[in-house]
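Only one structure is covered here, and it is reproduced in the block below.
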Amino acid sequence: MAYQFDWSVLWQYRGTLLQGFFYTLGLSLIGLCGAIAVGVIVGAGGTSARRWLRAACGGYVEVCRNIPLLVHMYFWYLGLSALKLPSFWCAILALSIYSGAYVAEVVRAGIQSVPRGQEAAGLASGLTRRQTLLYIVYPQALRMVAPSMAGIFSQLIKDSSLASVISVAELTFQAGAIEGTTFRTFEAYIGISMAYLLIVTTISQTTLFMSHRRAADVGDRF
Amino acid sequence: MNFAVVWRNLPYLLQGLGVTLQTAALVILGGTVFGVALGVVRTSRIPLLRQVAFAYIEAIRGTPLLVVLFVVYFGLPPIIGYKFTAYQASVIGFILFIGAYIAEDYRSGLASVPRGQIEAGLASGLTVGQVLCCITLPQAIRRMIPTLFNQFVRLLKFTSVASVIGVTELTGAALAVNAREFQPLEIILTLAVSYFVVCYALSLVGRWLNTRYAIQT
């Protein structure tokens with residue numbers, strides 16, 4: 001091992017890295033909101049009584065899940081280059097649509113895991129269908145899905161690294177830039193993987209913590 | 001839209017598809033072996049081994065695939081003093097990456113094997129190794145089929161990332177064609193459809209195997 005490690009490059013280029021960190025954070029959070037929006041709509045549609053709606057939502061999930069995220073990104077960035085969308089928003093669209101399909105599957109499974117008696121009881125006690133879903137079925141489903149959601153969220157954060165390929169200046173992109181000027185490849189990439197670990201752990205632990213607290217709330221009420 | 005560009009470049013694109021499938025096949029084999037081995041270490045009774053495996057799994061699972069590939073392709077050569085080709089680096093990177101996920105799946109598969117069976121095996125005079133490969137492993141793997149195939153489909157999609165370090169697999173080939181012909185919409189759509197067909201077919205195989213071999217509980 002003749003290689004001399006020099007971790008000071010990370011401190012030297014802290015400005016660049018910090019900027020990349022905030023881009024990654026922005027991509028992840030906006031992508032997360034997009035994925036949840038898409039996932040809740042498509043997932044709820046997947047449990048609809050209307051057959052065409054169920055089929056459409058199932059089709060969406062299968063198509064989007066079976067195409068690599070990188071291809072999703074290239075679709076918006078290259079395929080629809082005539083639209084001239086900024087690369088940041090191409091990445092957001094790709095992340096939302098791709099991860100939305102995963103969220104949809106989880107949401108669908110969560111809704112179906114709520115015992116049917118709950119819905120029947122809601123309807124029987126005079127609530128409208130909308131009220132039953134909104135106040136009885138969906139809140140229970142939400143708690144069921146929290147652990148799988150935490151997994152999808154951490155996946156999404158890591159997936160956001162692919163945005164560097166379509167030149168969004170996030171962490172991976174900046175690490176590439178640092179590598180280009182200093183040739184400190186190993187240090188740069190190990191450094192950013194620590195940053196990813198930090199974001200992933202924070203978000204997944206927060207999701208789990210919030211779901212535990214919600215569950216405790218319900219426990220107190222009965 | 002004019003898909004003639006796809007027909008014109010079909011042999012080149014098919015070659016790319018071949019590389020994608022070959023990579024996926026290699027990694028499915030290597031990754032499963034590595035993942036199960038890692039899972040065995042992760043659940044071993046020697047604390048040090050268990051902790052090393054745990055640290056490895058957590059580190060990989062917290063790192064994006066792209067970063068793992070970059071580390072293997074750009075970061076390791078100066079340290080170990082050997083330069084991989086882009087293809088070798090991508091296969092090694094994928095195996096290292098997917099192995100960590102398969103190890104975790106193995107752990108949950110193993111947890112589903114009742115403890116009484118392990119105890120019964122040991123009590124009837126089998127060694128720890130024999131219990132592992134004749135009693136727990138076959139059951140754990142059969143229980144792992146759905147999650148395992150999820151990982152395989154994920155992996156098949158992930159092979160597209162190899163194009164970033166310069167492997168001419170399907171995505172790399174499509175991008176090269178696009179650079180020459182500049183008909184991005186047609187080419188990217190074809191790319192998406194090809195991946196969809198291959199990945200969907202693989203997930204159907206998984207479902208079929210599951211209905212056939214899974215342990216009914």
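All values below come from the heavy atoms of this structure, side chains included, with hydrogens, waters and symmetry mates left out.
Surrounding CZ of B:Phe152 are more than 12 heavy atoms belonging to other residues, nucleotides or ligands, all under 6.0 Å away. Other residues, nucleotides and ligands contribute only 12 or fewer heavy atoms inside 6.0 Å of the CZ atom of B:Phe54.
Most heavy-atom pairs under 4.5 Å with chain B, from the set A:Glu179, A:Arg184, A:His72, A:Glu62: that is A:Glu62. Chain A forms the most heavy-atom pairs under 4.5 Å with one residue out of B:Val68, B:Leu175, B:Val153, and that residue is B:Leu175. Comparing A:Leu69, A:Leu80, A:Thr201, A:Leu162 by how many heavy-atom pairs each has under 4.5 Å with chain B, the most go to A:Leu162. Of all the listed residues (A:Val71, A:Val200, A:Asp159), the one sharing the greatest number of non-hydrogen pairs under 4.5 Å with chain B is A:Val71.
The structure places OH of A:Tyr74 at 9.5 Å from CG of B:Leu191, a figure rounded to the nearest 0.5 Å. Here CG of B:Leu66 is found 10.5 Å from OG of A:Ser160. Values are rounded to the nearest 0.5 Å. Within the model, atoms OG1 of A:Thr172 and CG of B:Leu65 stand 10.5 Å from one another, a figure rounded to the nearest 0.5 Å. Here CE of A:Met73 is found 13.0 Å from CD1 of B:Ile188. Values are rounded to the nearest 0.5 Å. Here the CZ-OG distance, from B:Phe70 to A:Ser164, works out to 5.5 Å after rounding to the nearest 0.5 Å.
Residues B:Phe182 and A:Ser81 form a side-chain contact, since some pair of their non-hydrogen atoms from C-beta on lies under 4.5 Å apart. Side-chain contact between B:Phe158 and A:Leu70: absent, with no pair of heavy atoms (C-beta onward) separated by less than 4.5 Å. Between A:Val63 and B:Phe196 there is a side-chain heavy-atom pair separated by less than 4.5 Å. Under the 4.5 Å side-chain criterion, counting only non-hydrogen atoms from C-beta, A:Asn66 is not in contact with B:Tyr195. Two residues are said to be in side-chain contact when any heavy atoms from C-beta on lie closer than 4.5 Å; B:Pro78 and A:Thr185 fail this criterion.
Residues A:Leu197 and B:Glu58 approach most closely at CD1-O, 3.8 Å, considering heavy atoms. Taking all atoms of both residues into account, the shortest heavy-atom contact from B:Lys157 to A:Arg65 is NZ-O, 2.7 Å. Between A:Tyr189 and B:Val67, the shortest heavy-atom contact is O-CG1, 3.8 Å. For the pair A:Tyr196 and B:Gly62, the tightest heavy-atom approach, listed with the atom from each and the gap, is CB-O, 3.5 Å.
Of the atoms belonging to B:Leu202, not a single heavy atom falls under 4.5 Å from chain A. If you measure heavy-atom distances from A:Glu187 to chain B, you find no contacts under 4.5 Å at all. Using a 4.5 Å cut-off between heavy atoms, A:Tyr77 does not touch chain B at all. In this structure, chain A has a heavy atom under 4.5 Å from the side chain of B:Tyr101, while its backbone stays farther away. Heavy atoms of A:Ile157 lying under 4.5 Å from chain B are absent altogether.
For a heavy-atom cut-off of 4.5 Å, chain A lies close to B:Ser160, B:Val161, B:Ser163, B:Val164, B:Thr171 in residues 159-174 of chain B.
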